[in-house]
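Notes follow the structure.
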Amino acid sequence: MEEITGVVPTTSTPYSEFKNNLDKVVAIKGTIHNIRDMSDFAFILVRTARELIQCVYSPEFSDYRLNETVVEQAAAKVTGKVVKSETRDGSERYELQIHNIEILSSPAAIPPVVISKKQVTCELSVNLDNRPVTLRNPKERAIFKIQEGIQRGFREYLQSQNFTEIHSPKINFAGAEGGTNVFKLDYFGKTVYLAQSPQLYKQALVPVYERVFEIAPVFRAEHHDTSRHLNEYISMDFEMGFIDSFTDIMNMETGALKYIMNLLKMEYAPEVELLKVDIPEINTIPCVKFKDAKALCVKKLKNITDMKDFEPEEEAFLGKWAKQQFNSDFLFVTHYLSKKRPFYTMDDPEDPEVTLSFDLLFRGIEITSGGQRIHDYNEQVEKMKKMGMNPDEFETYLMLHKYGAPPHGGLGLGLERLTMHLLGFKNVRYATMFPRDINRVSP
RNA sequence: GGCCCUAUAGCUCAGUUUGGUUAGAGCGCCAGCCUGUCACGCUGGAGGUCGACGGUUCGAGCCCGUUUCGGGUCGCCA
């Protein structure tokens, strides 16, 4: 066995380590991604956790002789010397002169779709059917590395702001929020429901920890068959106490988004480059009141019928407007109508028709819903009655208010939707590793 | 769920004026060649119940009906 003289690159010390090992012998473990057989030599691209490393086989310096076991998708340990690549464009790159290849595992069949090219070219449903394989493609996996960066940024920023990370139960006895449909489940003979939001739990924890957040799946039994709906998705939620105004929540979100975008630029550069991600610049995010935004839409667009909410066309228009007017990819729309918001939303004391709530539009699509919550017990009970709900059914939830809650508020952010719009996809499923929708529960 | 579109090789798609012998291409796969590729290139080869069922016709990938799968769009929302 040849002596290893260099530092072995691992998933934590990847390709960038190469230049520190120039002319030294290292061993890398990875999957054979592509083989370009030239004449009496060959290029073998090895796929490691985050990049492709070019290895060169030639009888000149390889003790090993290529054989039929060296195939795409075989797991291998490749030993060799780190040298500078000959590149046509003169860019500085390094490669491995193969001394030896040890095959660690061999595939039983060739992949059903081509994953060794730059792009996976099959259609979405075929891609999803073959997810365990198609995700191996560098561009496909970069999507979910970016998604990891988004949730990591959300977590790190909130931790820096003294938020406590929580996990609320996903199996619940009460249907809780209502409005949208919940999945029913048999639970030892009782009917229980899958959580459609951590809302009630994160509010309950405000008097405990003051600031809490959760990144977790939520379940919606909606019969929507669209390019932006999932029946299970990752919700990034936070809730904070002792706020002076619901603008505190918007400021916190602005801070989190700034942090996330910066983190992507700094630590996810290979993926950002590979996917040509257009990372938005965020300074301050402009705000517009719902009724002003609606007036603008009515003025500029035809056939506006729903005066209580926005249609997709209106959101798209407001996105363009924010870009032109404020040079912002983001736009807060505030003071939504009381009747269109959930029962826990606080009404504006100056105008009870509207709420102290907001949505965040990103490039013309809604990604967040948030606002200030009712903290006074009697006020919450009254609002429930007004909305035709029975407060007795919400006894556990109302313990929050009954035994004292500070002024508070929070928001929920759909991780897949944010990923989708950041990467410019037309379908949320491209930004979902294993989507669960009305027709798909596998793989 | 409503409306519109589609289904041909493992994948992505052609299949023509008017239905007519053995249904084509690119990628992938297999074999051979190529001294630096980087979506390598070149030559050759294998690979098809034309989604399924029924109908019209001397004859259907093509026309008609039914059905299933897939895509788009709308209801709602993150």
Side-chain angles (χ1 to χ4, degrees), chain A residues 33-45 52-60 68 71-73 83-89 91 93 95 97 107 109-130 133-134 137-139 177 179-181 196-199 215-237 305-306 308-313 315 336 340-342 359-362 365-370 411-421 426-429 431-432 437-440:
Chain A
H33 184 69
N34 195 9
I35 301 165
R36 286 196 262 275
D37 184 14
M38 301 303 288
S39 54
D40 54 344
F41 75 110
F43 297 104
I44 298 176
L45 292 177
L52 298 177
I53 294 175
Q54 175 159 289
C55 303
V56 190
Y57 165 85
S58 168
E60 277 179 37
E68 70 285 349
V71 293
E72 285 183 16
Q73 304 315 124
V83 296
K84 279 196 173 184
S85 286
E86 290 173 32
T87 53
R88 196 187 288 160
D89 60 2
S91 63
R93 280 158 62 196
E95 64 190 19
Q97 284 190 340
I110 57 166
V113 293
V114 181
I115 56 171
S116 59
K117 300 279 183 178
K118 274 188 175 170
Q119 196 95 38
V120 173
T121 53
C122 62
E123 56 177 60
L124 181 59
S125 64
V126 175
N127 185 325
L128 296 178
D129 285 343
N130 294 286
V133 179
T134 54
N137 174 264
K139 275 195 172 185
E177 262 191 87
T180 45
N181 296 326
Q196 57 161 326
S197 158
Q199 183 63 30
I215 302 172
V218 293
F219 306 90
R220 308 247 166 136
E222 294 164 347
H223 290 263
H224 296 145
D225 188 7
T226 78
S227 58
R228 60 188 191 286
H229 283 93
L230 297 166
N231 294 295
E232 174 180 350
Y233 71 90
I234 304 295
S235 182
M236 302 198 295
D237 277 85
T305 51
D306 183 1
K308 297 186 183 71
D309 210 340
F310 294 121
E311 287 165 30
E313 187 195 358
E315 290 187 349
Y336 277 81
K340 292 297 282 188
R341 287 278 160 161
D359 277 5
L360 180 62
L361 303 187
F362 173 45
I365 317 252
E366 181 194 334
I367 57 163
T368 302
S369 220
L411 58 79
L413 179 57
L415 177 60
E416 293 86 348
R417 277 203 185 169
L418 179 56
T419 311
M420 167 193 182
H421 297 308
K426 292 233 161 69
N427 193 314
V428 72
R429 289 162 186 79
T432 311
D437 63 37
I438 198 160
N439 303 311
R440 181 181 292 278

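Every chain is numbered from 1, with letters handed out A, B, ... down the list of sequences.
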Applying the Watson-Crick and G-U wobble criteria at under 3.5 Å, what pairs with [N]? Answer none if nothing qualifies.
| N | result |
| --- | --- |
| C62(B) | none |
| G26(B) | C11(B) |
| A39(B) | none |

Practice problem: Tell me which of Cys122(A) and Asp359(A) sits closer to the 5' end of RNA chain B, going by the nucleotide each one is nearest to. | Solution: Cys122(A)
Quiz item: Where each residue is assigned the nucleotide of RNA chain B containing its nearest heavy atom, which of Lys84(A) and Leu230(A) is assigned the position nearer the 5′ end?
Solution: Lys84(A)
Using a 4.0 Å heavy-atom cut-off across all strands, classify [X] as base, sugar-phosphate, or nothing.
| X | result |
| --- | --- |
| Ser235(A) | nothing |
| Glu123(A) | sugar-phosphate |
| Asn34(A) | sugar-phosphate |
| Thr368(A) | sugar-phosphate |
| Leu415(A) | nothing |

In terms of side-chain heavy atoms, does [X] have a donor or acceptor partner in [Y] at a distance below 3.5 Å?
| X | Y | result |
| --- | --- | --- |
| Ser85(A) | Glu95(A) | yes |
| Arg429(A) | Ser125(A) | no |
| Tyr233(A) | Arg220(A) | yes |

In terms of side-chain heavy atoms of [X], which of [options] is nearest?
| X | options | answer |
| --- | --- | --- |
| Ser369(A) | C77(B), A78(B), U37(B) | A78(B) |
| Ser227(A) | U73(B), G71(B), C11(B) | U73(B) |
| Val126(A) | C27(B), C11(B), G36(B) | C11(B) |
| Phe43(A) | C29(B), C11(B), G36(B) | G36(B) |
| His229(A) | C27(B), U73(B), A78(B) | A78(B) |
| Glu95(A) | C74(B), A78(B), G36(B) | G36(B) |
| Asn439(A) | G70(B), U37(B), A78(B) | G70(B) |
| Gln54(A) | A78(B), U37(B), G28(B) | U37(B) |

Short side-chain N/O contact from [X] to OP1 or OP2 of [N], under 4.0 Å:
| X | N | value |
| --- | --- | --- |
| Lys118(A) | A39(B) | yes |
| Asn427(A) | G72(B) | yes |
| Ser39(A) | U35(B) | yes |
| Lys117(A) | C27(B) | no |

Rounded to the nearest Å, what distance is computed from the [atom1] atom of residue [X] to the [atom2] atom of nucleotide [N]?
| X | N | atom1 | atom2 | answer |
| --- | --- | --- | --- | --- |
| Glu232(A) | C77(B) | CD | P | 20 Å |
| His33(A) | C38(B) | NE2 | C1' | 11 Å |
| Asn127(A) | G71(B) | CG | P | 12 Å |
| Asp129(A) | G71(B) | CG | C1' | 14 Å |
| Ile35(A) | C30(B) | CD1 | C1' | 14 Å |

Quiz item: Is there side-chain contact between Val218(A) and Pro198(A), with heavy atoms separated by less than 4.5 Å?
Solution: yes
Quiz item: Do you know which two heavy atoms are closest between Ile115(A) and His33(A), and how far apart they sit?
Solution: O-CE1, 3.4 Å
Quiz item: Less than 3.5 Å between a donor and an acceptor, one on the side chain of Arg220(A) and one on the base of C77(B), is that the case here?
Solution: no
